[in-house]
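Order of the sequence lines fixes the chain letters, A, B, ..., with proteins taken first and strands second; residue numbering starts at 1 for each chain. Because the structure is a prediction, the values reported are computed rather than measured. Reckoned from all heavy atoms, side chains included, excluding hydrogens, waters and symmetry mates.
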Amino acid sequence: MRIETIITDAVTRFLTEKGIDKPDGSLIQIQKTRKEFRGDLTLVVFPLIRLMKKSPQEAGEELGKYLMDLHVIGDFNVVKGFLNLIVESSYWTRFVAQYAGDDDYGIIRPGADRETVLVEFSSPNTNKPLHLGHIRNNLLGYSISLILQANGKDVKKVNLVNDRGIHICKTMLAWQKWGENKTPSDAGLKGDHFVGDMYVRFETAYRAEVNKLVSDGMSEDEARVEAPLIKEAREMLRMWEADDPATVELWKMMNGWVYEGFDVTYKRLGVSFDNIYYESETYHKGKSIVLDGLNKSVLKRREDGSVWADLRERGLDEKLLLRSDGTSVYITQDLGTAVLRQKDYKADRMYYVVGNEQDYHFKVLSLILDELGYEWAGSLEHISYGMVELPTGRMKSREGKVVDADNLIDEMIETAGKLSRELGKLDGLSPSEKEDIVRIIGMGALKYFILKVDPKKNMVFNPEESIDFNGNTGPFIQYTHARICSLLKKAGDQVIKLGDADLSGVILSEKETRVAALIHEFPAIVAEAGKSCSPALIANMIYDLAREYNQFYHDHPVLKEENKAVRDFRLLLSSLTRRVIMRGMGLLGIEVPEKM
RNA sequence: GGUUCCGUAGCUCAGUUGGAUAGAGCAACAGCCUUCUAAGCUGUGGGUCCCAGGUUCGAAUCCUGGCGGAAUCACCA
């Protein structure tokens with residue numbers, strides 16, 4: 001049984017024996033003892049003094065004496081209203097021995113009664129390559145999927161590709177005009193970059209047209225609508241929606257190029273999906289749902305033909321669902337996608353990993369689904385994450401102020417390689433081993449940097465300074481892992497068989513206790529990370545563990561320890577630390593090398 | 001203007017239902033490799049937790065009001 005439970009039970013028992021018949025669980029607060037005091041766990045006695053009718057000091061002493069009867073509590077002290085408890089070494093040694101060889105430590109395998117949950121993430125537009133903002137989205141979505149899985153859920157990862165609309169037509173038109181019939185391989189570019197360049201070509205030319213019209217005396221708003229290029233693009237969208245064969249053919253070809261490019265980036269990022277939905281296939285469904293709502297009089301059609309949902313009674317505004325010309329808007333297809341998915345998976349919960357700029361959109365989405373009578377409307381959950389900003393401010397695609405995903409990945413790996421060579425860390429390894437390790441380190445640095453931040457918060461990314469390989473970073477944790485691997489390998493035959501170790505009599509040092517206590521928390525952290533959909537909780541805990549372990553490693557000999565029981569314990573502790581680091585980093589989608 | 005989110009060290013970030021003297025890393029400075037990987041470890045300096053009230057035995061955390069920032073409120077996505 002976990003020690004927190006043992007203590008809570010004992011305190012409850014104590015109170016009951018005292019005739020206090022209502023020991024509310026929330027009054028029993030156990031936390032880690034702060035560093036400056038002696039002890040492992042601390043019981044806060046303030047909430048109990050009213051029940052016990054004693055001073056904090058007296059109440060603490062009395063409880064401390066009572067808890068001493070538990071075989072797991074070795075000593076205690078009371079400071080003001082805090083009862084600090086010293087846990088017996090035997091509790092920790094038993095705990096470490098029990099889990100040192102357990103691959104499933106900290107995770108829950110899905111059972112028969114498992115919930116099915118759906119996680120949507122990535123959701124790219126097919127008119128430009130992925131950038132830093134997409135990286136945060138992909139890493140968060142993938143990690144959250146893994147974390148939910150570790151909490152026993154049956155997780156389906158889905159992508160929703162925004163593959164249609166005016167922005168796609170812009171790239172098609174630009175290619176027709178200036179693409180010279182070239183393919184990405186002709187141009188020597190990844191498909192998504194090639195198409196992205198077409199988009200930029202369009203926007204540049206369009207901008208020039210608008211400027212010209214404005215200087216000729218037209219208003220800015222009018223010019224945006226009247227520019228010949230945008231008219232052509234709109235005509236192309238109309239052709240596309242009318243299933244014009246040539247237009248559809250062009251659309252298929254160019255989207256194909258983009259997908260090839262995306263696949264490469266996804267693979268490098270290490271993310272994958274169980275299913276991919278395409279907006280071009282779901283927006284029809286969205287339209288029919290809206291028309292259905294119209295028939296049921298849940299929605300209203302205005303005189304100009306546009307269709308609206310009226311959410312004013314529910315604290316929001318009116319929302320457009322179909323344009324006056326009958327074409328669909330963004331939320332229309334999201335309605336369709338949601339309904340299709342629910343039909344496909346009958347998920348207990350549908351998570352959407354989407355930036356916080358769309359908070360309002362998702363409020364509206366689930367309200368409309370509710371209005372339309374879908375009883376699962378409440379199971380939608382928007383995992384809203386903050387923007388990634390540059391030191392100069394927000395990233396702006398139109399101003400070219402973006403950090404390209406592929407470039408960034410290249411740079412990370414390059415830096416990792418350079419550093420490895422300088423430190424001579426990989427001397428003597430084969431080229432393919434080197435390449436593998438360098439990739440793992442570079443990606444580890446990038447992923448950890450992004451995932452260690454609370455998803456809800458905006459974060460600042462400084463291309464020059466942000467990515468580091470020392471301190472609170474992925475490589476620091478990976479290094480700790482590699483060190484332990486090396487240690488365990490050296491231990492070789494010395495490694496005791498599980499269960500053979502006689503650890504009785506081993507007294508833990510302060511550092512050893514801290515390492516063990518952190519590992520002890522891991523399952524609770526995984527659970528909390530699942531509840532709050534926050535990989536950052538795991539990242540920070542694993543960092544703490546690596547830091548504490550490095551201190552332990554610095555201060556204590558392991559293989560050179562002469563006392564066999566102590567040496568065995570330290571090996572087991574190291575082995576378990578390695579396992580938790582690997583598992584924890586695994587939940588972030590980060591690999592850990594055995595050497596570095 | 002309405003709504004939502006945010007404000008912690010020079011910088012990037014932790015701080016789990018309210019708990020002790022608010023913590024890490026980076027940057028700066030000073031140390032530690034003939035000993036299990038120095039991508040490590042140790043030390044020093046650095047704070048009006050945006051401000052003001054309130055609730056409480058106790059507030060960075062909860063409430064109210066300011067100030068500052070971001071997002072959103074499109075027949076864009």
Checklist entry - Could you run down nucleotides 14-23 of chain B 5' to 3' and tag each one B, S or - for protein heavy-atom contact under 4.0 Å? => result SS---BBSSS

Next on the checklist: Using a heavy-atom cut-off of 4.0 Å across all strands, would you classify Tyr479(A) as base, sugar-phosphate, or nothing?
Outcome noted: base

Checklist entry - Out of U12(B), C13(B), C26(B), which nucleotide sits closest to the side chain of Met459(A)? => result C13(B)

Checklist entry - Touch check for His556(A), heavy atoms < 4.0 angstrom, all strands: base, sugar-phosphate only, or nothing? => result base

Checklist entry - If you measure from the P atom in U12(B) to the same atom in U17(B), how many Å do you get, rounded? => result 25 Å

Item to check | For G45(B), the Watson-Crick or wobble partner whose two distances fall under 3.5 Å | outcome: none

Checklist entry - Does the side chain of Arg323(A) get closer than 4.0 angstrom to OP1 or OP2 of A77(B) through an N or O atom? => result yes

Next on the checklist: Closer than 3.5 angstrom, by distance alone: can the side chain of Arg570(A) be matched with the main-chain N or O of Pro557(A) as a donor-acceptor pair?
Outcome noted: yes

Next on the checklist: Distance to the ring centre below 6.0 angstrom and angle to the axis at most 45 degrees; does that hold for Arg164(A) and Trp251(A)?
Outcome noted: no

Next on the checklist: Regarding Leu419(A), tell me which of base, sugar-phosphate or nothing describes its non-hydrogen contacts under 4.0 Å with the strands shown.
Outcome noted: base

Next on the checklist: Taking any heavy-atom pair under 4.0 Å as a contact, classify Lys456(A): base, sugar-phosphate, or nothing.
Outcome noted: nothing

Item to check | Nearest-Å distance once atom C1' is located in both A9(B) and G45(B) | outcome: 11 Å

Checklist entry - Given C36(B), is OP1 or OP2 found less than 4.0 Å from the side-chain N or O atoms of Ser486(A)? => result no

Checklist entry - Taking the nucleotide of RNA chain B with the closest heavy atom to each, which residue, Ala482(A) or Asn356(A), is nearer the 5' end? => result Ala482(A)

Next on the checklist: Given 3.5 Å as the limit, does a donor-acceptor pair link the side chain of His481(A) with the main chain of Pro593(A), or not?
Outcome noted: yes

Item to check | Nearest to side-chain heavy atoms of Tyr543(A), which nucleotide of G25(B), A38(B), C41(B) | outcome: G25(B)

Checklist entry - Using purine N1 to pyrimidine N3 plus N6-O4 or O6-N4 for Watson-Crick, or N1-O2 and O6-N3 for G-U wobble, both under 3.5 Å, which nucleotide pairs with U3(B)? => result A71(B)

Next on the checklist: Between Glu220(A) and Arg207(A), does any side-chain N to carboxylate O distance fall below 4.0 Å?
Outcome noted: yes

Checklist entry - Counting side-chain heavy atoms from CB outward, which of A77(B), G40(B), A71(B) is closest to Asn470(A)? => result G40(B)

Next on the checklist: By the 4.0 Å heavy-atom rule, please label Gln478(A) as base, sugar-phosphate, or nothing.
Outcome noted: nothing

Checklist entry - Can you check whether Lys489(A) has a side-chain N or O nearer than 4.0 Å to OP1 or OP2 of C36(B)? => result no

Checklist entry - If you look at every strand shown and take non-hydrogen atoms under 4.0 Å, does Asn125(A) touch a base, only sugar-phosphate, or nothing? => result sugar-phosphate

Checklist entry - Are a donor atom and an acceptor atom from the side chains of Ser219(A) and Asp221(A) found within less than 3.5 Å of each other? => result no

Next on the checklist: Does Gln333(A) reach a base, just sugar-phosphate, or nothing at all? Heavy atoms under 4.0 Å.
Outcome noted: nothing

Item to check | Residue Gln551(A), side-chain heavy atoms: nucleotide from U42(B), C57(B), G40(B) that is nearest | outcome: U42(B)

Next on the checklist: Please check if the number of heavy atoms outside Glu510(A) that lie under 6.0 Å from its CD is greater than 12.
Outcome noted: no

Checklist outcome for this item: Expected label for C33(B) (glycosidic angle, syn inside 90° of 0, else anti) would be syn

Item to check | Paired nucleotide for C57(B) [Watson-Crick or G-U wobble; both distances under 3.5 Å] | outcome: G19(B)

Checklist entry - Between Arg302(A) and Ser306(A), does any side-chain donor sit less than 3.5 Å from a side-chain acceptor? => result no

Next on the checklist: When you compare the side chains of Asn255(A) and Thr126(A), does any donor N or O come within less than 3.5 Å of an acceptor on the partner?
Outcome noted: yes

Checklist outcome for this item: Closest of G40(B), U72(B), C36(B) to the Glu357(A) side chain is U72(B)

Next on the checklist: Heavy atoms only, 4.0 Å cut-off, all strands: where does Ser384(A) land among base, sugar-phosphate and nothing?
Outcome noted: nothing

Checklist entry - Hey, does Ile166(A) reach any base, or is it just sugar-phosphate, or nothing, if we go heavy atoms under 4.0 Å? => result nothing

Next on the checklist: Only pairs with both distances under 3.5 Å count, Watson-Crick or wobble alike; so what is the partner of C32(B) in this structure?
Outcome noted: G40(B)

Checklist entry - According to the interplanar angle, ranging from 0 to 90°, do the rings of Tyr352(A) and Phe362(A) count as parallel (below 30°), tilted (30 to 60°) or perpendicular (above 60°)? => result tilted

Checklist entry - Taking for each residue the nucleotide of RNA chain B bearing the nearest heavy atom, is the 5' side occupied by Asn550(A) or by Asp544(A)? => result Asp544(A)

